[in-house]
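Report on the following structure.
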Amino acid sequence: MATPPGCSRVPRGSHSTKPPASSDPSKPLSGVLPMFNKLILAAALATASTAAFADPVRYTIDPSHTDVIAQWSHFGFSNPTAHFGQAEGTIVYDADDVAASSVEVTLPLAGMNSYTAKFDEHLRSSDFFDAAAFPVATFKSTSVEAVGEGKLKVAGVLTIKDNSKPVVLDVTLNKVGENMGGQPTIGFDATTTIKRTDFGVGMYAPAVSDEVRIRITTEAGVPKSAE
């Protein structure tokens with residue numbers, strides 16, 4: 001049959017079998033969406049990993065809520081105490097790697113208080129602490145070890161009257177959180193026993209016991225400028 005003028009003849013068998021282009025706008029994104037979802041998941045996992053391994057936190061000791069209590073036997077008749085206040089220092093606590101934690105404390109002997117002024121004067125005299133020549137006692141940790149849920153062993157060096165001796169504290173982590181002002185805060189209790197003759201404070205020993213039991217309670221917070 002003749003082809004009408006103006007029309008081109010389509011050769012037989014040359015009809016295209018390719019389906020028409022889709023008009024669904026979502027089709028071109030079908031390969032992109034799964035990739036986008038994977039990127040979101042990877043970012044979420046990275047964020048969770050960063051949160052799970054937070055940096056160590058540096059706290060400043062609060063002297064208003066810190067007390068170091070020394071107790072000994074007085075000829076077997078009584079067990080008097082002396083309190084050491086005005087503590088200064090820092091606690092670094094790493095919840096993910098407890099071994100990376102540390103503590104450093106200075107105790108001014110001016111803050112010692114037995115609640116008897118005359119006895120305080122005697123304790124600060126050269127018979128005992130010689131506070132005029134050695135105004136502070138210090139403790140600096142050398143290792144921190146987790147020994148159970150909320151329990152730590154803190155080894156360190158205690159220095160009194162320029163006598164430095166190793167001491168191990170049995171520590172309980174009381175709480176980590178925020179105080180009433182929203183300040184990140186941490187609290188510990190600790191105990192140890194020392195021999196006062198090791199530190200040049202041995203007058204009347206052993207009649208007045210050489211061993212002195214130490215109890216510590218402390219609270220420390222992150223300074224606002226460091227938050």
Side-chain angles (χ1 to χ4, degrees), residues 58-93 101-145 152-172 174 186-221 223:
R58 179 178 292 273
Y59 300 89
T60 298
I61 289 174
D62 176 3
S64 299
H65 298 95
T66 297
D67 195 8
V68 179
I69 306 165
Q71 187 171 36
W72 61 94
S73 170
H74 185 252
F75 296 99
F77 294 111
S78 63
N79 295 283
T81 60
H83 296 251
F84 295 79
Q86 302 177 19
E88 301 172 356
T90 58
I91 296 171
V92 177
Y93 185 66
S101 304
S102 63
V103 58
E104 190 165 351
V105 183
T106 297
L107 289 173
L109 295 180
M112 182 173 56
N113 188 359
S114 68
Y115 301 106
T116 305
K118 188 173 181 179
F119 186 40
D120 288 344
E121 290 177 11
H122 192 198
L123 289 176
R124 292 193 187 98
S125 75
S126 58
D127 285 346
F128 290 99
F129 288 99
D130 197 3
F134 306 99
V136 300
T138 63
F139 176 82
K140 185 174 183 179
S141 66
T142 54
S143 68
V144 179
E145 177 188 2
L152 308 169
K153 289 273 189 188
V154 178
V157 176
L158 176 63
T159 300
I160 300 172
K161 295 177 67 173
D162 280 354
N163 298 290
S164 298
K165 301 293 182 181
V167 170
V168 177
L169 303 177
D170 294 310
V171 178
T172 298
N174 295 330
I186 197 165
F188 297 93
D189 279 4
T191 60
T192 192
T193 299
I194 64 172
K195 289 187 174 183
R196 59 194 181 93
T197 52
D198 287 342
F199 299 94
V201 195
M203 179 171 268
Y204 304 130
V208 175
S209 64
D210 190 8
E211 288 194 344
V212 177
R213 297 182 297 279
I214 307 292
R215 292 181 288 129
I216 304 164
T217 189
T218 187
E219 189 172 315

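Values in this document were obtained by computation on a predicted structure and should not be read as measured data.
Judged purely by atom type and a 3.5 angstrom limit, Lys161 uses its side chain to pair as donor or acceptor with the backbone of Phe128. Not a single donor-acceptor pair under 3.5 Å links the side chain of Ser141 to the backbone N or O of Gly156. Using modelled atom types, one side-chain atom of Gln71 and one backbone atom of Asn79 make a donor-acceptor pair closer than 3.5 Å. With hydrogens and angles ignored, the 3.5 Å screen pairs no side-chain donor or acceptor of Arg213 with any backbone N or O of Thr191. Counting only distance, with no hydrogens or angles, the side chain of Arg124 and the backbone of Leu109 share a donor-acceptor pair below 3.5 Å. Remark: the backbone N or O of Ala220 is not paired with any side-chain donor or acceptor of Asp62 at under 3.5 angstrom.
Here the closest non-hydrogen pair linking Val212 and Ala70 is CG1-CB, 3.8 Å. Here the shortest heavy-atom pairing between Val157 and Ser164 reads CG1-CB, 3.7 Å. Of all the heavy atoms in His74 and Pro80, the pair that sits closest is CB-CD, 3.9 Å. Nearest heavy-atom pair, Ser114 versus Phe119, reported as atom, atom and distance to 0.1 Å: OG-CD2, 3.4 Å. Considering every non-hydrogen atom in both Leu107 and Gly85, the closest pair reads CD2-O, 4.4 Å. Closest of all the heavy-atom pairs between Tyr93 and Leu152 is CE1-CD1, 4.4 Å.
One side chain, Asp189 or Asn174, offers a donor N or O that lies under 3.5 Å from an acceptor on the other.
The distance from atom CD of Glu219 to atom CD1 of Ile186, rounded to the nearest 0.5 Å, is 10.5 Å. Summarising the geometry, atom CG belonging to Asp170 is positioned 14.5 Å from atom CZ belonging to Arg215; distances are rounded to the nearest 0.5 Å. Taking OG1 of Thr159 as the reference point, atom CZ of Phe199 lies at 7.5 Å (rounded to 0.5 Å). To the nearest 0.5 Å, atom CD1 of residue Ile194 and atom CD1 of residue Ile160 are 5.0 Å apart. Here the CD atom belonging to Glu145 is positioned 12.0 Å from the OG atom belonging to Ser101, to the nearest 0.5 angstrom.
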Exercise for review: Take Phe75 and Val208 through the test side chain to side chain contact (heavy atoms under 4.5 Å, CB included) and record every step on the way to the result.
Suggested key: CA-CA 5 Å; Phe75 296 99; Val208 175; 3.5 Å; yes
Review point. Can you check side chain to side chain contact (heavy atoms under 4.5 Å, CB included) on Leu123 and Met112, steps first, answer last?
Key: CA-CA 9 Å; Leu123 289 176; Met112 182 173 56; 3.5 Å; yes
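Ile61 has its side chain within reach of Ile91: a pair of non-hydrogen atoms, C-beta onward, lies under 4.5 Å apart. Within the 4.5 Å cutoff, the side chain of Trp72 has no heavy atoms near those of the Arg196 side chain. A 4.5 Å side-chain heavy-atom check between Tyr59 and Thr90 finds every atom pair outside the cut-off.
When each of Leu169, Val92, Val154 is paired with Val144, the side-chain contact (heavy atoms from CB on, under 4.5 Å) condition holds for Val154 and for no other.
No more than 12 heavy atoms of other residues, nucleotides or ligands sit less than 6.0 Å from atom CZ of Phe77.
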